[in-house]
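Every number for a ligand or one of its atoms is a count from 1 in the order of the listing. The shown structure was predicted, so the numbers you read here are calculated from the model rather than taken from an experiment. Positions are given from 1 along the sequence.
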Amino acid sequence: MLFCSETNHRKDCAIILRRACKSYGSSQVLDLLDLTVPKGNIYALLGASGSGKTTLLSCLVGNRRLASGEMRVLGTVPGQTGSASPGPRVGYMPQENALYQELTVRETMKYFGWIAGLSTEDISRSLGKLAGLLQINNVDKYISAFSGGEQRRISFAVVLLYSPEVLILDEPTVGLDPLLRESVWQYLLNLAQVDSCTILLTTHYIEEARQAHMVGFMRKGYVVVEAPPLTLLKQFNVNTLEEAFLELSRQQNDSRKRLVYRFTEEAMNDAGFGCALETNSASSWQKVRALVWKQFVAMSRNLTLLTFTVLSTSMSVAIFFLVYGHDPKSITVGVANYETNTTSCSPPDCYSNSLSCNYVGLLNRGAHLRHLSTEGEGLSLLASGKLHALLVIERNYSRTLREKIMTWTPIMEWRYDNAIIRVYRDFLAKDIAAYVQRFTTEAFSDFIGLYLSSCNVSTKLMDLPIQWKDPVYGGKQVELTTNGAPAFFLMTAFFVASMVTSTSILIEKSERTYDRIFAMGVGHGEILVSHLITDFCLVLGQNAAMLVVAFCVFGLSSHGSLITTASLVLANSFCGMCFGYAIASILQVESSVMHLISGCMTPAILLSGTLWPREGMHVVLQEAAWYLPVSHAAHSINSILNRGWGWTNPSVYLGFVNCFVWIIICLIVCAFTMRYKQR
Ligand SMILES: Nc1ncnc2c1ncn2[C@@H]1O[C@H](COP(=O)(O)OP(=O)(O)OP(=O)(O)O)[C@@H](O)[C@H]1O
């Protein structure tokens, strides 16, 4: 008769917990809990919903830490270096199915098998056996095509695949029909008997726990009773475990003291306490290979989404080129011309009295003109939003203009007003108002040039006494599209990359698949590296498509090196990826990540100097903006493309430095959060 309760027999215990405490915030979930599972036994842990069973199991597999107390699994402390747990010596089946819906059963087994260090041949062999036992009919069907109960069986098959010494199963029989439940129990009993496997499971089907060697009843954060089922029935003089637990709950409620029952006299299954099977642990490289393989297979299963993801940045860039920075094409300008209502006139003549017609004719190229009979009519149309601007030309416009320019004789002050064209604008649409100002001024400049030529007067007479020389960089016209495009690339690439990476991690978190692979000994670092590899390939595709669209389709030109440009875009996207990982390591829910990323996007765009120069910002923001991700890189890429500077120029290399500093900051945040975040 063996009961490995205390020091003498500790080596015979697969699992020991003493005075284990764990809380989530102020809520105490495990409260000085003791639990002992002898090797080669099946231990059924029972308890009401929310009593802390899952929390306890996740501490045992190293997914969570105890606040205090002692815990041993196969003689080692879970979570410590060199411990059996997490690792393939301990198999964990979480409460959720924790399967990848895009994989087939065969691929699922291959993935988990590789992580556990099995060869592909061994996996195929075991799969055949397990599929028969658990009645999994078509192993080449996608997981998503199986019912909930079938997925539960597949989830169970995964944990049996690599023959761990200890099985920790969170409600393995939930959703299974009674016949299948029976065969699962037979299989577990056989594992314990023949392979000396130790099994700790939770179940809400209390009566099935009769088949276990030991049952533990958890209530108020600790195991109230721990005993072989028959002993329990005898002690409480009842026929069912349900009655025994009802009685226990009643006694516990009535008692002011902490009730604990331990019945140790009954026989335990003492058949063999050695290891059932030697399990080879996979190397880090093998685990990363399995993770990367799975991520590529999962990606390839949704080609539409993959194509959309790869093309998303290039689509944004294409839309940017099509919509941003071009002159407005469909604006309507009203003209109330009191001098003439003619709309077609011959070229300006020095003594013409319808010069306004020539000027208005030139306005046609910038806007759609609407000829009006009075200023009042125009003003009411402007007020009702039917016009973007209104030009009013006085009755004696030509004569006064001529007198003003040609005769150079003093005239009454008020008469100058007749040579002035009044322009009303809707200034709420500031860009359109600025455009109206530009094109009316340009048209006037052209008109006055033609008019002065017709009078044989030098056109320089009306020029401003300022000479605009050729720009050192850029063309004479302000090219909003070309100037804004590079920064827009970076912004888009950064945020798309951060969304891709954060969602890929959070989807796995929400499906609890990480719980399973963490319990198999996969580390955070291995997960991060595998994501860096797969997401980097995705980002590479996105950047290539984006640059092709910008340079080849929309003819963006570069005065500098394309390789430096592409490298900066890539470094910036990599920074976006790391930003996504940092966020995903801090937050738990996909929707929070989306809110955070979209909340960061607008300030980042505004602070990057893309929409408005940094020099115009509040002085504090000017400095702060400089250190943000993307802002510096946006400045650098403009220096490369529009100024032709190389990476040795500080203006360029500081963009790279800024990216790398942010990459390091984000990776440190990831590492720190993964290590120290409450588990
Ligand atoms: N991550 C968490 N943060 C905060 N509270 C948590 C967390 N996980 C679990 N809890 C709380 O801890 C308590 C125990 O939860 P646990 O999942 O361990 O119970 P359980 O016995 O497994 O329940 P069930 O039988 O329904 O699965 C519950 O009140 C639950 O709300």
#### Entry: Near ligand 1, at a heavy-atom separation below 4.0 Å: residues by chain and residue number
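Its neighbours under 4.0 Å (heavy atoms only) are Y24, V29, A48, S49, G50, S51, G52, K53, T54, T55, R64, Q95, E171, H204, given by chain and number.
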
#### Entry: Contacts of type side chain to side chain donor-acceptor pair (under 3.5 Å), residue E208, not counting sequence neighbours
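For E208 the side chain to side chain donor-acceptor pair (under 3.5 Å) partners, ignoring immediate neighbours, are T173, R181, W185, T203.
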
### Task
With sequence neighbours excluded, tell me which residues meet side chain to side chain donor-acceptor pair (under 3.5 Å) with S573.
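S573 satisfies side chain to side chain donor-acceptor pair (under 3.5 Å) with N543 only.
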
### Task
Evaluate whether atom NE2 of H595 has more than 12 neighbouring non-hydrogen atoms of other residues, nucleotides or ligands under 6.0 angstrom away.
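Not buried by this count: 12 neighbours or fewer within 6.0 Å.
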
### Task
Classify the ring geometry between F579 and F494 as parallel (under 30°), tilted (30 to 60°) or perpendicular (over 60°).
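Tilted: the ring planes of F579 and F494 meet at 30° to 60°.
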
Please tabulate, for the side chains in residues 133-140, all donor-acceptor contacts under 3.5 angstrom to protein atoms that are two or more places apart in sequence or on a different chain.
unit_1, atom_1, unit_2, atom_2, d
N138, OD1, D140, N, 3.0
D140, OD1, R106, NE, 2.8
D140, OD2, R106, NH2, 3.2

### Task
Among Y100, F296, W293, find the one that has a ring-ring contact (aromatic ring centres under 6.0 Å, His included) with Y111.
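Of the listed options, the one satisfying the test is Y100.
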
